[in-house]
Amino acid sequence: MTAAVAIESAQAAAEVGPQRVGVLLVNLGTPDSANAKGVRAYLKEFLSDPRVIEKQGLLWKLALNGIILRTRPRRKARDYQKIWNLEKNESPLKTVTRAQSDKLAAAIADNSHVVVDWAMRYGNPSIRSRIEALTAQGCNRLLVVPLYPQYSAATSATVCDEVFRVLSDMRAQPSLRVTPPYYDDPDYIEALAVSINAHLTTLAFQPELIVASFHGMPQQYIDKGDPYQAQCIATTDALRRRLGLDDARLRLTFQSRFGFDQWLQPYTDQTVAQLAKDGVRRIAIVTPGFSADCLETLEEIAQENAEIFRHNGGEEFAAIPCLNDSDAGMDVIRQMVLRELQGWV
């Protein structure tokens with residue numbers, strides 16, 4: 001028996017656009033400008049996220065709007081100005097993430113139906129705007145790539161939260177995949193080791209030890225079940241094995257604490273100060289929890305912690321760049337994306 005197709009159905013089928021796959025790289029975020037106004041808008045969005053600050057009660061809102069957003073933006077704006085990309089008038093994080101997107105698109109260009117884009121969880125370009133742009137180009141499948149090697153609810157999960165919010169407003173949703181954390185991926189560990197060794201050869205001194213500094217997190221988040229600390233430890237252990245260093249030669253620390261709660265320890269700034277006081281004169285710091293250089297690596301580590309080290313008696317300090325859009329770094333992202341796209345390309 002021959003099935004008849006209604007004219008309306010045939011017309012609807014003919015109007016279906018090209019079937020493409022969207023790949024969306026997502027990083028944390030950045031102010032749109034290196035002034036108090038831009039930083040205030042960014043911090044308000046960031047610190048109002050219950051994944052970042054879980055206690056979003058009245059006391060926090062009073063502190064946020066009455067104190068933090070009145071005082072912190074001016075100070076952080078000065079920090080951003082120290083590292084701002086003046087040529088493009090944007091933060092280095094935005095510059096690097098765009099470059100990662102462009103290079104990934106070129107690297108997988110043989111898959112002509114794959115469209116690569118990038119977004120920031122906080123600030124611009126927003127996740128909503130880029131998902132809408134990808135679906136407008138006919139992407140009915142979407143791979144979201146949170147650019148965080150280690151998972152945490154305050155980073156990877158909030159990316160998914162926002163993606164789900166966007167999709168909840170869509171009648172025709174794309175099929176969705178999300179890349180997993182890659183904290184112990186052999187390609188990632190190898191890329192880190194190659195990057196570290198390459199940078200060390202450019203130094204005029206030999207570090208006595210290396211500090212691996214990860215972004216901090218309130219201890220209570222870990223106590224509630226967040227796997228972030230365990231994954232940071234796993235990354236550091238794998239890197240030690242690859243570099244042939246013990247825990248005295250490659251130290252694990254946590255930076256960027258905020259507020260008065262206890263955060264993951266040991267703290268990077270206190271460790272750097274104590275090392276100098278104990279007679280260590282030459283150190284290097286690597287930041288394996290960041291896929292791209294940003295305020296926390298370029299200002300907090302390369303400038304602030306360098307000053308702490310020297311102030312306490314240290315002499316030689318090196319901040320090892322993130323993988324960024326280097327060949328090794330892009331190979332990690334490319335292989336991860338192609339692995340997760342299997343069956344779609």
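Judged by distance alone, the side chains of Q19 and N140 do bring a donor and an acceptor atom under 3.5 Å apart. Side-chain contact of R251 with T271: a donor-acceptor pair under 3.5 Å is absent, judged by distance alone. Side-chain atoms of N27 and Y148 include no donor-acceptor pair closer than 3.5 Å. Side chains of N324 and S326: a donor-acceptor N/O pair is absent below 3.5 angstrom, by distance only. When only modelled atom types and interatomic distance are considered, K94 and N124 share no side-chain donor-acceptor pair under 3.5 Å. E340 and T179 are not linked by any side-chain donor-acceptor pair at a separation below 3.5 angstrom, with hydrogens and angles left out of the test. A donor-acceptor pair shorter than 3.5 Å cannot be found between the side chains of D226 and S152. Residues E296 and Q255 have side chains that never bring a donor and an acceptor to within less than 3.5 angstrom of each other.
Put simply, the side chain of Y228 never gets that close to the backbone of Y221: no donor and acceptor are under 3.5 Å apart. For the pair Q173 (side chain) and L167 (backbone), a donor-acceptor distance under 3.5 Å is present. For the pair W118 (side chain) and D102 (backbone), a donor-acceptor distance under 3.5 Å is absent. Looking only at distances, no side-chain donor or acceptor of S213 sits under 3.5 Å from a matching main-chain atom of T287. Although no hydrogens or angles enter the test, the distance criterion places no donor-acceptor pair under 3.5 Å between the side chain of S129 and the main chain of P125. Formation of a donor-acceptor pair under 3.5 Å by the Q56 side chain with backbone atoms of L47 is found in this model. N111 places no side-chain N or O within 3.5 Å of a backbone atom of H113 that could act as its donor or acceptor partner. In this structure, the side chain of T253 does not engage the main chain of Y267 through any donor-acceptor pair within 3.5 Å. Judged by distance alone, with hydrogens and angles left aside, the side-chain atoms of S48 form no donor-acceptor pair with the main-chain N or O of E45 at under 3.5 Å. Side-chain N or O atoms of T158 include none that pairs as donor or acceptor with a backbone N or O of A154 at under 3.5 Å.
With sequence neighbours excluded, no residue forms a salt bridge (charged side-chain N to carboxylate O under 4.0 Å, His left out) with R141. R78 meets the side chain to side chain donor-acceptor pair (under 3.5 Å) test with no other residue; sequence neighbours excluded.
Contact annotation: the side chain of R40 never approaches that of K44 to less than 4.5 Å [non-hydrogen atoms, C-beta and beyond]. Within the 4.5 Å cutoff, no side-chain heavy atoms of I210 are placed close to those of I285. The closest side-chain heavy-atom distance from P288 to Y183 is not below 4.5 Å. Considering only heavy atoms from C-beta on, V23 comes within 4.5 Å of L104 through its side chain. Contact check for R177 versus L142: no side-chain heavy atoms found under the 4.5 Å cut-off. Side-chain contact between D184 and D237: absent, with no pair of heavy atoms (C-beta onward) separated by less than 4.5 Å.
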### Query
Between N85 and E90, is a side-chain hydrogen bond (donor to acceptor under 3.5 Å, both in side chains) present by the stated rule, with each step listed?
CA-CA 5 Å; N85 183 339; E90 64 186 22; 4.6 Å; no
### Test log, rule side-chain hydrogen bond (donor to acceptor under 3.5 Å, both in side chains), inputs E300 and S256
CA-CA 8 Å; E300 183 180 355; S256 310; 2.6 Å; yes
### Message
Could you walk me through whether R339 and Q342 satisfy the side chain to side chain contact (heavy atoms under 4.5 Å, CB included) test, starting with their C-alpha distance in whole Å, then the side-chain angles of each, then the deciding distance to 0.1 Å, before giving a yes or no?
### Response
CA-CA 6 Å; R339 181 170 62 242; Q342 289 184 31; 4.1 Å; yes
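Residue K224 qualifies as enclosed at atom NZ: its count of foreign heavy atoms under 6.0 Å is above 12. In the displayed structure, H311 atom NE2 is contacted under 6.0 Å by at most 12 heavy atoms of other residues, nucleotides or ligands. Atom CZ of R70 has 12 or fewer neighbouring heavy atoms from other residues, nucleotides or ligands inside a 6.0 Å radius. Within a 6.0 Å sphere centred on NZ of K61, heavy atoms belonging to other residues, nucleotides or ligands number 12 at most. Atom CG of N197 has more than 12 neighbouring heavy atoms from other residues, nucleotides or ligands inside a 6.0 Å radius.
The pair D161-R51 counts as a salt bridge, with a side-chain nitrogen and a carboxylate oxygen less than 4.0 angstrom apart. With respect to E208 and R281, no salt bridge is recorded, no charged nitrogen being found less than 4.0 Å from a carboxylate O.
Below 30°, between 30° and 60°, or above 60°: for F290 and H215 the angle between ring planes is between 30° and 60°, a tilted geometry. Using cut-offs of 30° and 60° for the angle between ring planes, the F309 and F317 rings count as tilted. Ring geometry for Y42 versus F46: interplanar angle under 30°, hence parallel rather than tilted (30 to 60°).
Between P73 and I68 the shortest heavy-atom distance is CD-O, 3.2 Å.
The salt bridge (charged side-chain N to carboxylate O under 4.0 Å, His left out) analysis of residues 259-271, with sequence neighbours excluded, yields the pairs R257-D269.
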